[in-house]
S.K.: 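Okay, here's the structure, questions in a sec.
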Amino acid sequence: MEERYNPAVIEAKWQRRWEERGTNRVDLEQATRPYYNLMMFPYPSAEGLHVGHAFAFPGADIHGRFRRLQGYDVFEPMGFDAFGIHSENYALKIGAHPAELIPRTVAKFRSQLNRLGLMLDWSHAVDTTDPGYYRWTQWIFLKLYHFGLAERKKAPVNWCPACHTVLANEQVIDGYCERHPEVAVEQRFAEQWFFKITRYAERLLRNLDWIDWSETTKTAQRNWIGRSEGAAIEFPLNDGSGLRIRVFTTRPDTLFGATYLVLAPEHELVARITSPAQRGAVDAYVQRTLKMDLVRRRSVRDKTGVFTGAYALNPATQKLIPIWIADYVLAEYGTGAIMAVPAHDQRDFEFAAAFGLPVVQVIQPPPGTRVEQDTAYEGPGVLVNSGPFDGMASAEAKKAITAWLAERGFGEERVEYKLHDWCISRQRYWGPPIPMIYCDHCGVVPVPEQDLPVLLPFVENFRPDESGVSPLARVREFYEVSCPRCRALARRETDVSDTFLDSAWYFLRYPSAHRSDVAFDPELTCKWLPVDMYIGGNEHAVLHLMYTRFITMALHDMGLLPFEEPFRKFRAHGLITKDGAKMSKSRGNVVNPDQYIDQYGADVFRMYMMFLGPYTEGGDFRDEGIAGVQRFLEAVWRLVRQFDPQAQASPVLRRSVHRTIAKVQEDLEELRYNTAIAALMSLANDIRRYGPPDRWVLECLLIMIAPFAPHLAEELWEALGHQTSIFDARWPQYDPQALLEEQVELAVQVNGKVRGRITVARTASDEEIVRAAQEIPSVRAHLQGKTIRKQVVVPGRLVSFVVG
RNA sequence: GCGAGAGUGGCGGAACUGGCAGACGCGCUAGACUUAGGAUCUAGUGGGUUUCCCGUGGGGGUUCGACUCCCCCCUCUCGCACCA
């Protein structure tokens with residue numbers, strides 16, 4: 001054994017050894033205690049790994065290694081989310097083709113991941129750009145289509161007038177183009193494919209009550225789904241057309257205060273109800289807002305709007321109220337129309353103030369409520385100016401007025417969600433073609449399953465252009481096909497699908513990655529899924545995790561999966577920032593882990609990243625403390641090097657080991673890596689203080705270090721004479737009896753202040769403890785001449801006297 | 001504005017269910033060993049007017065006892081942003 005710890009040598013050695021021995025591979029068929037440890041697969045950026053990856057992946061890997069040491073057959077696969085706008089834009093920028101670029105970046109990423117010493121089973125790797133993968137992505141699209149969950153409809157796309165191209169949502173920053181910060185992104189309309197995720201809104205919400213996920217993530221999902229209970233109310237037009245304006249409100253109790261209606265500029269009835277006199281003004285307003293749609297959402301701005309010239313009847317008051325158009329009403333939520341109650345809704349209040357519309361108070365705030373000047377009172381109260389409902393509490397009135405409306409055919413209870421259907425069409429090149437064909441005779445025809453994959457052709461010029469459609473629409477050999485039904489000349493869909501579809505099912509693919517005949521083998525799926533632990537960043541708390549759940553539920557409903565939630569457990573790791581900011585190329589604060597691995601080795605670096613702070617919180621990257629971890633691992637190295645087989649560990653030391661096992665085990669269960677490392681360091685300190693260690697002490701230490709510093713642990717395990725991997729060893733058992741100290745130290749408080757300490761037998765009675773405590777000079781001084789009014793004994797903790 | 005999370009030594013952070021604030025580490029100070037030290041080891045390290053007092057963003061409260069619970073306020077980070 002070398003005198004000095006040399007990470008470069010032993011890490012290369014063990015990475016080679018693991019590869020040769022197949023240490024990280026698990027036999028999926030034979031495994032008896034399957035444990036699926038999943039980490040969010042990366043997008044292989046050209047820059048390679050940054051320290052955020054070196055935090056996220058090792059953290060998940062530590063969990064997997066810990067489970068393995070506990071005796072599970074841990075499956076820890078990895079893959080690459082390599083389709084999408086990032087790769088495409090990067091390729092455009094450097095003048096390369098993604099089809100050539102991606103394999104290079106994937107290879108680089110993979111070698112960097114390997115340097116981190118992850119327990120990855122590469123024999124089940126996936127790459128979303130592989131036709132053997134996206135064939136099944138397309139297959140899932142077809143499944144959803146046949147199941148009635150995919151539909152085609154006109155929808156706005158983001159158009160940058162400066163780039164002359166369609167933008168992805170993530171390229172739109174606050175309504176402006178990412179590359180032209182002064183250019184407002186416009187809306188254009190195109191036929192696009194949607195998945196009807198809104199049908200699953202209630203179930204996606206309800207299941208959050210029982211799935212074992214980070215609470216923060218669940219809250220984010222709940223907010224995103226955005227369930228609101230209220231009523232749909234219909235307001236008849238007074239023009240004899242019989243038309244009604246349907247609105248959604250969460251405050252039916254304020255109906256008597258609805259003094260006008262507002263339609264979104266996109267509302268389908270705008271053109272029909274606008275009076276001739278107002279037509280010019282309305283058209284101009286609508287045109288302008290549609291163009292500026294994304295800017296309009298940028299922030300809350302001054303209210304703008306225009307009167308249509310039309311009136312509707314408030315079914316409660318029987319009064320005619322004007323119908324306006326304003327961009328503060330969103331077309332995609334509710335019915336795209338609202339009843340405005342300026343007295344009790346701040347937005348309506350501002351609008352009414354701007355346009356001189358009447359304000360009628362219908363809710364009396366509870367006595368003593370302070371209502372700010374020039375604001376709407378949005379809280380609960382008692383109804384006034386509400387005819388038969390006067391005097392009713394607002395909560396009760398919600399139900400009563402809704403029922404009253406329902407009886408008269410003017411409305412009903414209604415639940416709305418913020419969640420929108422998932423638009424999966426992308427007018428781009430670098431993605432899986434959507435497997436659909438448009439035939440003049442047969443209409444929309446899905447590509448037959450046996451014709452999959454629809455290969456993404458190699459297109460020299462894949463730059464999007466001013467046509468607003470995918471570059472694939474320029475490739476005749478691609479889009480000209482014969483209709484699968486009638487054989488007539490037909491046209492292929494030229495949009496590709498959203499990257500989020502690729503990543504919505506990759507975890508289903510891993511166990512079956514070796515199979516080309518099925519997307520996921522039923523038996524393997526049954527055995528290995530749902531995923532036991534999923535670890536990833538909170539930036540995917542909403543979209544990715546919502547889409548995955550939806551796809552899983554849909555496949556479950558089709559009878560293709562035996563479970564409806566994909567992940568038994570999900571834990572979000574924190575974000576690593578640099579100088580307080582998110583790491584990004586444009587900020588120039590991206591930290592590459594390679595330099596640290598070169599200098600300190602992967603073990604030190606992994607452990608240091610975990611020691612930086614709580615795994616679930618992340619933190620700001622700095623390298624000031626890395627020497628501490630290095631010193632710790634060097635000390636462990638020396639302990640093993642100086643190991644004396646004759647030595648007997650002292651009882652104190654043995655007890656310290658038991659205590660450490662209990663602590664580290666408990667911490668690892670909860671991903672509290674920073675405190676687990678602290679406990680390991682304490683144990684090393686104890687070994688130095690109460691040494692020498694015997695074999696058992698050192699082996700316990702090594703096994704506990706192994707998840708964090710796998711190479712070092714293997715090397716020292718071998719040095720202790722073992723022929724097999726330390727990861728085939730078992731996590732040590734601690735003896736709960738050994739945790740109980742014979743003597744315990746208690747603090748002695750007088751009037752809440754610590755005045756001394758006593759050491760007593762663990763079994764000492766309260767009386768003995770109190771007597772001993774009173775005898776300490778420092779305590780006696782404070783008790784002198786006072787009467788003890790109360791005394792509290794907290795076993796194992798303290799004694800407290802209250803004197804007066 | 002709404003939602004989530006967080007404010008503790010010079011720094012990163014610890015503290016179970018209300019029970020000795022500052023574990024562990026960085027840094028710093030002193031010493032030992034050494035030709036040498038950016039190696040190793042030992043001791044110390046919240047502040048102060050040091051028998052004692054103060055101290056977990058600020059202000060109140062509950063309690064024998066509060067970083068922890070309750071009320072009000074401030075600051076920061078992240079997410080969503082006119083969702084009726």
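In what follows, chains are A, B, ... by sequence order, proteins preceding strands, each numbered from 1.
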S.K.: Taking rU56(B) as the reference, what is the distance to rA6(B) when you measure between their C1' atoms (whole Å, please)?
M.R.: 13 Å

S.K.: Would you measure the distance from the C1' atom in rG18(B) across to the matching atom in rA66(B) and give it in whole Å?
M.R.: 6 Å

S.K.: For rC70(B) and rG7(B), measure between their P atoms and round to the nearest Å.
M.R.: 15 Å

S.K.: Expressed as a whole number of Å, how far does the C1' atom of rG19(B) sit from that of rU63(B)?
M.R.: 12 Å

S.K.: Using the C1' atoms only, state how far rA21(B) lies from rU8(B), rounded to an integer number of Å.
M.R.: 8 Å

S.K.: Is it the case that the ring center of Tyr596(A) lies less than 6.0 angstrom away from the ring center of Phe621(A)?
M.R.: yes

S.K.: Starting from P on rA84(B), measure out to OH on Tyr260(A) and report it in whole angstrom.
M.R.: 16 Å

S.K.: Given the P atoms of rC73(B) and rA23(B), what is the spacing between them in whole Å?
M.R.: 35 Å

S.K.: Sticking with atom C1', work out how far rC2(B) lies from rG47(B), rounded to a whole angstrom.
M.R.: 41 Å

S.K.: Does the pair Lys399(A)/Glu229(A) count as a salt bridge with the N-to-O cut at 4.0 Å?
M.R.: no

S.K.: Distance between the C1' atoms of rG38(B) and rG46(B), in whole angstroms?
M.R.: 28 Å

S.K.: Indicate, yes or no, whether a donor-acceptor pair under 3.5 Å links the base of rC80(B) to the side chain of Lys418(A).
M.R.: no

S.K.: Scan Ser228(A) against the nucleic acid and name what it touches under 4.0 Å (heavy atoms): base, sugar-phosphate only, or nothing.
M.R.: sugar-phosphate

